[in-house]
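To keep things clear, I will list the structure first and then write my remarks on it.
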Amino acid sequence: RVNIKRISTGVRSLDELLNGGVETSAVTEVAGEFGAGKTQFCHQLAVMVQLPEDKGGLSAKAIYIDTENTFRPERIAQIARARGLDPDQALKNIYYARAYSSDHQMILAEQARRIIKQDNVKLLVVDSIVAHFRAEFPGRENLAERQQKLNKHIADLLKIADAYDVAVVVTNQVMAQPDVFFGNPLKPAGGNVLAHGATYRIWLRKSKENIRIAKIFDSPYHPEREATFKITEEGLTD
Ligand code: ADP
Ligand code: MG
């Protein structure tokens, strides 16, 4: 990890929380409830990575693996315009694939690796990483198989991040748990596999209206700080 670069989130408070932005050669997990802004965060980064370095980007392309059918080209166009990029070009710089099952998702990760070998890609998004796994392997009786598959998938993603100096960003839905987690009775899905697989974990939660709060969790290196941001027409903003 000598060559680490950062992709600015485009939000000062979030960049401060992340010591400058989302890191390459690392897997960053974005967890939160429905509507917390996980998908918006991914859209924003898919644009930000394209900016030149003096504007916080890496002059590079993105790959977007969409498991929930929530990718919106028009949203990319809006964010791109707000950042001074040509919307059509910004969309062309995103390799997009919809994953229809957990197996398909794992195949797409392998295809992503091949694209990354050949093209200037510095961001790989998987939104969301666990949805298919949870749907296909429900309940305790399937837990072992689910975790084993998820473990393999995350290991593949970590290898890609490491081998090609790419920032991997995965989203994770939260589910109700009886115990209290950060004063919030919710916990990220995926359990220990993600806890050990992700290099950084960001927790997003809703505040009033379009205001959101981000926090780093499970990190021995980051202080327990919080960052506040907004979701607007322009994307994520301070
Ligand atoms: P999650 O992926 O965590 O479920 P999303 O990233 O989809 O959540 O965030 C949804 C939020 O983003 C909603 O509150 C919605 O109002 C806001 N949002 C989406 N598009 C826009 C937009 N064009 N302008 C302003 N807010 C938007
Ligand atoms: Mg989403």
Side-chain angles (χ1 to χ4, degrees), residues 7-11 13-14 17-18 22 27-49 62-85 87-88 90-91 94 96-102 105 108 123-135 150 153 157 167-177 181-182 184-190 194 198 200-217 226-238:
I7 305 164
S8 169
T9 62
V11 182
S13 67
L14 276 177
L17 191 76
L18 296 166
V22 172
V27 175
T28 300
E29 174 189 342
V30 183
E33 283 178 82
F34 178 77
K38 302 180 296 294
T39 296
Q40 296 301 309
F41 184 93
C42 297
H43 279 65
Q44 176 103 350
L45 279 175
V47 173
M48 291 302 300
V49 69
I63 298 177
Y64 203 111
I65 299 175
D66 179 12
T67 74
E68 296 182 314
N69 203 17
T70 52
F71 180 80
R72 296 289 174 270
E74 57 277 19
R75 189 59 177 138
I76 294 292
Q78 269 183 336
I79 297 168
R81 239 179 257 119
R83 297 279 161 183
L85 291 176
D88 292 330
L91 272 168
I94 302 172
Y96 171 82
R98 172 91 202 276
Y100 292 97
S101 68
S102 63
Q105 186 175 329
L108 288 174
L123 173 71
L124 169 58
V125 169
V126 184
D127 180 23
S128 101
I129 189 154
V130 288
H132 283 313
F133 292 88
R134 284 183 65 192
L150 195 51
H153 184 45
L157 295 174
V168 175
V169 173
V170 306
T171 67
N172 190 2
Q173 57 207 131
V174 293
M175 53 191 199
Q177 291 280 324
F181 189 71
F182 285 149
N184 193 338
L186 295 164
K187 221 177 184 179
L194 271 180
Y200 297 105
R201 314 187 82 193
I202 307 170
W203 180 279
L204 298 186
R205 62 181 204 270
K206 292 190 220 176
S207 184
K208 278 184 210 146
E209 291 156 8
N210 64 342
I211 297 170
R212 299 291 187 275
I213 298 160
K215 184 169 183 163
I216 306 259
F217 65 107
E226 285 189 345
T228 302
F229 66 94
K230 290 183 192 135
I231 307 177
T232 72
E233 283 292 306
E234 283 77 42
L236 271 51
T237 62
D238 273 290

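These numbers were taken from a predicted model, which means no experiment stands behind them. Ligands are counted one by one from 1 in listed order, and the atoms in each one are counted from 1 as well.
The residue from E68, Q40, Q78, K206 that puts a heavy atom closest to atom 6 (O) of ligand 1 is Q40.
With a cut-off of 2.8 Å, the Mg ion (ligand 2) has an N, O or S atom of T39 in range.
Checked against a 3.5 angstrom limit, the closest N/O atoms of A36 and ligand 1 fall inside it. Polar contact check, F41 against ligand 1: no nitrogen or oxygen pair lies under 3.5 Å apart.
Partner of L124 under the side chain to side chain contact (heavy atoms under 4.5 Å, CB included) criterion, out of V169, V27, I65: I65 alone. Exactly one of L45, V30, L14 qualifies for a side chain to side chain contact (heavy atoms under 4.5 Å, CB included) with V22. That residue is L45. The residue from Q44, Q40, E233, H43 that alone fulfils the side chain to side chain donor-acceptor pair (under 3.5 Å) condition with R75 is Q40.
Protein heavy atom nearest atom 24 (N) of ligand 1, with residue, atom name and distance: E233 OE2, 3.4 Å. Looking from atom 27 (C) of ligand 1 to the surrounding protein, the closest heavy atom is I231 CG2, 3.8 Å. When only non-hydrogen protein atoms are considered, atom 4 (O) of ligand 1 lies nearest to G35 N, 2.7 Å. The protein heavy-atom contact nearest to atom 20 (N) of ligand 1 is R75 NE, 3.5 Å. Shortest contact from atom 7 (O) of ligand 1 to any protein heavy atom: T39 CB, 3.8 Å.
Within a 4.0 Å radius of atom 15 (C) of ligand 1, the protein has no heavy atom.
The backbone N or O of G32 lies less than 3.5 Å from a partner atom in the side chain of K38, making a donor-acceptor pair. Proximity of a side-chain donor or acceptor of R212 to a complementary backbone N or O of A36 within less than 3.5 Å is detected. Looking at E68, its side chain never comes within 3.5 Å of a backbone N or O of D127 through a donor-acceptor pair. Under the 3.5 Å distance criterion, the side-chain polar atoms of S13 are matched with a main-chain donor or acceptor of T228. Without hydrogens or angle criteria, R83 side chain to G10 main chain gives a donor-acceptor distance under 3.5 Å. At least one donor-acceptor pair closer than 3.5 Å links the side chain of T67 to the backbone N or O of S128.
Heavy-atom contacts of F34 reach the following atoms of ligand 1: 4 (O) (cutoff under 4.0 Å). Those atoms of ligand 1 that come under 4.0 Å of a heavy atom in K38, given as number and element, are 1 (P), 2 (O), 3 (O), 4 (O), 6 (O), 8 (O). Atom numbering of ligand 1 starts at 1 in the shown order; those under 4.0 Å from a heavy atom of G37 are 1 (P), 3 (O), 5 (P), 6 (O), 8 (O), 9 (O).
For F71 against D66, the heavy-atom pair with the smallest separation is N-OD2, 3.0 Å.
The proximity of E33 to ligand 1, defined as any non-hydrogen pair under 4.0 Å, is limited to the backbone. Contacts between N210 and ligand 1 below 4.0 angstrom, taking non-hydrogen atoms only, are absent altogether.
Residue contact check for ligand 1: R212 places a non-hydrogen atom closer than 4.0 Å to it. Ligand 1 has no atom lying under 4.0 Å from any heavy atom of G32.
For NZ of K230, the number of neighbouring non-hydrogen atoms (other residues, nucleotides, ligands) closer than 6.0 Å is 12 at most.
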